[in-house]
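Since this is a predicted model, take the numbers as computed values, not measurements. Lettering follows sequence order; numbering is per chain, from 1.
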Amino acid sequence: MMSIELPDGSVRQYDRPVRPADVAADISPRLAQAALAAEVDGKLVDLSTALPDGPHKLRLLTERDKQSLEILRHTTAHVMAQALRQLYGPKVQYTIGPALTDDFQYGFYYDFDLPQPIGQEDLKKIESQMQQIIQQALPISREELPAAKAREFFGQLGQSYKQEMIDDLAAQEGVQTLSLYRQGDFTDLCRGPHLPDTGRIKAFKLLTIAGAYWRGSEANKMLTRIYGVAYFDKKELAAHLEHIEQARKRDNRVLGKQLELFVVSDAVGPGLPLWLPRGTVLRGQLESWLRGELLRRGYQMVITPHIGRLDLYRTSGHYPYYKDSQFPPILMGRGGDEQTAEGYLLKPMNCPHHIQIYKNSQRSYRDLPLRLAEFGTVYRMEQSGELNGLIRVRGFTQDDAHIFCAPEQLEGEISSCVDLVKLVLSTLGLNDYRVRIGLRDPDSSKYVGDAAHWQQAQDSLRAVVQASGMTYSEETGEAAFYGPKIDFIVKDAIGREWQLGTVQVDYNLPERFGLEYTGADNAAHRPIMVHRAPFGSLERFIGILIEHFAGAFPLWLAPVQVAVLPVSEKFDAYAQQVAQAARAADLRVELDNSSDKIGAKIRRWTLQKVPYLFVVGQREVEGRTVAVRVRSVGEVGAVGLEAALQKLRGEVESRGLQPAIEAAT
RNA sequence: GCCAGCGUAGCUCAACGGUAGAGCACCGCUUUUGUAAAGCGGAUGUUGCGGGUCCGAUUCCCGCCGCUGGCUCCA
């Protein structure tokens, strides 16, 4: 006797062994058709899984359930592997092929070790082979084998990666029995569940080919990864592809070019962006805004050079720790070997310089916290494959500061740093971010400093984040080599994550540089350093901002805030007056007195994403008005010149994210 | 750095063994214009760089540089 409880609370009794498929068939023929998999007592299983004795809660999954999408994509990955074996022969080794459901671009991938390289044009061929497998509607069956048998089975198939996985599963998790999934001539080691047959795949597309190291380690062989996506509905697939297409239009590199914000010139060097006038205006606004916020919070601005002695970075540890990701040092004279050579290094960090400023005078507890801030440009030899427009570069400017404080001041300082980062993000409407506390990995040798200090630092960070009420994750191994940190992470247009703001605690550098202050007790004490950067890097931050706003920046940041467009040359004089008045109101204005028709002028400045267009002609001259066209709204009609300028001033000063003029007044 | 793909005018792209072409942008002239592209005319390239095969290379091959998507890395 077996009782099955359904989600609606009804219970069905069976006196024979049943599978979810049988229950579905009992309920209705239509459900039997629609069912794809089942959730039994909270676990996903195949429709064909025989249920063990006892009462069960059962939910049948159809296309409408979110988990079904994952199953669909997983099955599609298997079909792709099967197609590859059919096309390229038994030498094809298939390794792992998971479903991805929260990835912006991709729905699944599978990593292969292929006997020959394949290219983009092969994807078409693979797709049509997959289509054949789908049309055959091959039943997918599950079977369980003892580990040794499974190992032998995959050995016969020449699947050494699968054998390795079986060995690891047995060794690490003590797995004795493994499940295999079979469809036609293809069998894969897999946990499941899967769709009942390959015919259930309604819409899929293979997207791209990439390399991926086996098990994610550089030491291993590079496999061929094929990414694809699948849906139950062709329309959803089309919508997904359209989404990606749209996102690519927001790419910081595309918009950077179109809006003339920056260029990366090959003549200057990869990853070394040149800021064009319009981009410089945008960046300047962010800098002066933040500078104001810093001064208000008791920071002091400093300026330090772009290079420093090699010995400085030997002491700090940056040179030995990050040797491979720095521009090679400038060695002086005869040099000597790398350990002792005299030379200079393009600064990869600002902290050693700021530390020398700290050391410039004797410090008292009364000086603390000492907050030294700099928009400091640093240089790092990022791997060539990593470079990306403004988002990942080799020369970038940190809105850096180092806070030297006493232990009892630490949490307060961390807390105000976190507040500042939150202010930066919220002012710009970047609300979709996640917070990560990066912790030391006790098993790794990359970290320096003693365990007690690490513990204190980690506790302080955790306490501040918890008090702030933010949701966060703790990730081991994500700390800096000298201390733990809080990172603020956002996504770019196509869903890749990037670290922006950061707050880091450091006991190590004060130690290495022998920093001290005299306490109230007249004894020498060691300060703690906090490294923090609310933007992180100006380059990356602005790259993200470009994508976030799709180039349509809020008024206070827009390189050109107003374009004055005379309807014809006859109104140039008045247009000049309007432009003058706007300039006098500290607005960044362009006057378009080209011989184009008004429609062409509007098009030009609209494509440049200028927030406000002032069209002027006979009517406007007579009424001393401007016909306003708002970027996000369209034409709103005539507004008095002074009133319009005043509204714009207000919008700039409040750093508003919404236009101050939405309709004619 | 690794795997795969790509590199043609300022931009977007075409030609793919017979030494390059369109649209936009640019320059000139005409038009003086009312809410997303007025008309006519003109100039524009060592086809990323270097080497090779060939009677002949933008096209095929090799190396380098750069870019794109991933992987790895990210103080």
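- Nearest heavy-atom pair across His354(A) and Phe404(A) is O-CZ, 3.9 Å.
- Atom CG of Leu387(A) and atom P of G70(B) are 14 Å apart (whole Å).
- Counting non-hydrogen atoms under 4.0 angstrom, Tyr106(A) reaches the backbone sugars and phosphates but no base.
- Interface residues of residues 343-358 of chain A facing RNA chain B, ordered by number: Pro348(A), Met349(A); criterion, heavy-atom separation under 4.0 Å.
- Within the 4.0 angstrom heavy-atom criterion, only backbone atoms of the sugar-phosphate kind lie near Arg496(A); the bases stay farther away.
- A straight line from CD1 of Ile126(A) to P of A4(B) spans 15 Å, rounded to a whole angstrom.
- In this model, a side-chain donor or acceptor of Arg392(A) finds a partner on the base of C74(B) within 3.5 Å.
- Rounded to whole angstrom, the span from the CZ atom of Arg512(A) across to the C1' atom of A75(B) amounts to 12 Å.
- As judged by a 4.0 angstrom heavy-atom cut-off over every strand, Leu123(A) is placed among residues making no nucleic acid contact.
- Remark: P of G34(B) and CG of Asn593(A) are 18 Å apart, rounded to the nearest angstrom.
- Protein atom CG of Asn220(A) is 16 Å distant from nucleotide atom P of C71(B), rounded to whole Å.
- The 5' end of RNA chain B is approached more closely, in terms of each residue's nearest nucleotide, by Glu121(A) than by the other of Glu121(A) and Tyr482(A).
- When the side chain to side chain donor-acceptor pair (under 3.5 Å) test is applied to Asp443(A), no partner is found at least two apart in sequence or on another chain.
- Rounded to the nearest Å, the gap between the P atom of G7(B) and that of C60(B) is 10 Å.
- With sequence neighbours left out, Tyr110(A) forms a side chain to side chain donor-acceptor pair (under 3.5 Å) with Lys162(A), Asp188(A).
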For nucleotides 15-17 of chain B, which of its nitrogen or oxygen atoms have a protein nitrogen or oxygen under 3.5 Å away, and what is each distance?
none

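- Residues Asp103(A) and Arg73(A) are not paired through a salt bridge, judged by the lack of any N-O separation under 4.0 Å between the basic side chain and the carboxylate.
- A distance-only check finds no donor-acceptor pair linking the side chain of Tyr358(A) to the backbone of Ile403(A) [under 3.5 Å].
- In the set A75(B), U32(B), U12(B), the nucleotide with an atom closest to the side chain of Lys257(A) is U12(B).
- U44(B) and C27(B) have their C1' atoms separated by 11 Å, given to the nearest Å.
- The side chain to side chain donor-acceptor pair (under 3.5 Å) search around Arg512(A) returns Asn508(A), not counting sequence neighbours.
- Surrounding CZ of Arg314(A) are more than 12 heavy atoms belonging to other residues, nucleotides or ligands, all under 6.0 Å away.
- Between Tyr322(A) and Phe481(A), the ring planes are tilted. Angles from 30° to 60° get that label.
- Distance Glu622(A) CD to G34(B) P: 16 Å, rounded to the nearest Å.
- Taking the C1' atoms as reference points, G39(B) lies 8 Å from U31(B), given to the whole Å.
- Applying the side chain to side chain contact (heavy atoms under 4.5 Å, CB included) rule to Arg434(A) yields the partners Arg436(A), Ser473(A), Glu475(A), Ile489(A), Glu497(A); only residues at least two apart in sequence or on another chain are considered.
- Paired regions of RNA chain B, where each region holds three or more successive Watson-Crick or G-U pairs whose two hydrogen-bonding distances fall under 3.5 Å, are B:1-7 with B:65-71, B:10-13 with B:21-24, B:26-30 with B:38-42, B:48-52 with B:60-64.
- Among residues two or more places apart in sequence or in another chain, the side chain to side chain contact (heavy atoms under 4.5 Å, CB included) test is passed with Ile96(A) by Tyr109(A), Asp111(A), Met165(A).
- The residues Asp487(A) and Lys485(A) are annotated as salt-bridged, a charged nitrogen and a carboxylate oxygen being separated by less than 4.0 angstrom.
- Judged as a side chain to side chain contact (heavy atoms under 4.5 Å, CB included), and not counting sequence neighbours, the contacts of Leu241(A) are Lys205(A), Leu207(A), Leu237(A).
- We find the CE-CZ distance between Met381(A) and Arg394(A) to be 3.5 Å, quoted to the nearest 0.5 Å.
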Report, one pair per line, the protein and nucleotides 1-3 of chain B atoms (nitrogen or oxygen only) whose separation is under 3.5 Å.
| unit_1 | atom_1 | unit_2 | atom_2 | d |
| --- | --- | --- | --- | --- |
| G1(B) | OP2 | Ser384(A) | OG | 2.5 |
| G1(B) | N7 | Gln383(A) | OE1 | 3.4 |
| G1(B) | N7 | Gly385(A) | N | 3.4 |
| G1(B) | N2 | Tyr213(A) | OH | 2.5 |
| C2(B) | O4' | Tyr213(A) | OH | 3.4 |
| C3(B) | O2 | Gly211(A) | N | 3.1 |

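- A straight line from CD1 of Ile96(A) to C1' of G70(B) spans 14 Å, rounded to a whole angstrom.
- Inspection of the Gln326(A) and Tyr313(A) side chains reveals no N or O donor paired with an N or O acceptor under 3.5 Å.
- If you measure from atom OH of Tyr574(A) to atom P of G34(B), you get 18 Å, rounded to the nearest angstrom.
- Distance alone, capped at 3.5 Å, places no donor-acceptor pair between the Lys347(A) side chain and the Gly376(A) backbone.
- In this pair, Tyr322(A) lays its aromatic ring flat on the base of A75(B), centres within 5.5 Å and planes under 30 degrees apart.
- In the set C74(B), G34(B), C71(B), the nucleotide with an atom closest to the side chain of Gln618(A) is G34(B).
- Within 4.0 Å of Gln398(A), counting heavy atoms only, lies no atom of the nucleic acid at all.
- G42(B) and A25(B) have their C1' atoms separated by 14 Å, given to the nearest Å.
- Taking the six-membered ring where the residue is Trp, Phe488(A) and Tyr433(A) present tilted rings, their angle falling between 30° and 60°.
- Across U58(B) and U47(B), the matching P atoms stand 7 Å from one another, rounded to whole Å.
- Arg371(A) is linked by a side chain to side chain donor-acceptor pair (under 3.5 Å) to Glu413(A), counting only residues two or more places apart in sequence or in another chain.
- C26(B) and G18(B) have their P atoms separated by 35 Å, with the value rounded to a whole Å.
- Between the side chain of Ser325(A) and the base of A75(B), at least one donor-acceptor pair of N or O atoms lies under 3.5 Å.
- A salt bridge links Asp122(A) with Lys125(A): the closest approach of a Lys/Arg side-chain nitrogen to an acidic carboxylate oxygen falls below 4.0 angstrom.
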Next on the checklist: One pair to check against ring pair (Phe, Tyr, Trp, His ring centres under 6.0 Å): Tyr482(A) and His531(A). What are the steps and the verdict?
Outcome noted: CA-CA 11 Å; Tyr482(A) 49 71; His531(A) 308 238; 4.7 Å; yes

Item to check | Protein-to-nucleotide contact annotation, 5' to 3' order, nucleotides 35-44 of chain B [B base; S sugar-phosphate only; - none; under 4.0 Å, heavy atom] | outcome: BBBS------

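- Residue-level contact check: Lys323(A) touches neither bases nor backbone, having no heavy atom under 4.0 Å from any strand.
- Relative to the side chain of Gln326(A), the nucleotides A75(B), C71(B), G69(B) differ in distance, and A75(B) lies closest.
- Comparing Arg380(A) and Asp266(A), the nucleotide of RNA chain B nearest to each residue sits closer to the 5' end for Asp266(A).
- Backbone-only engagement by Gly216(A) is indicated by non-hydrogen atom pairs under 4.0 Å involving sugar-phosphate atoms exclusively.
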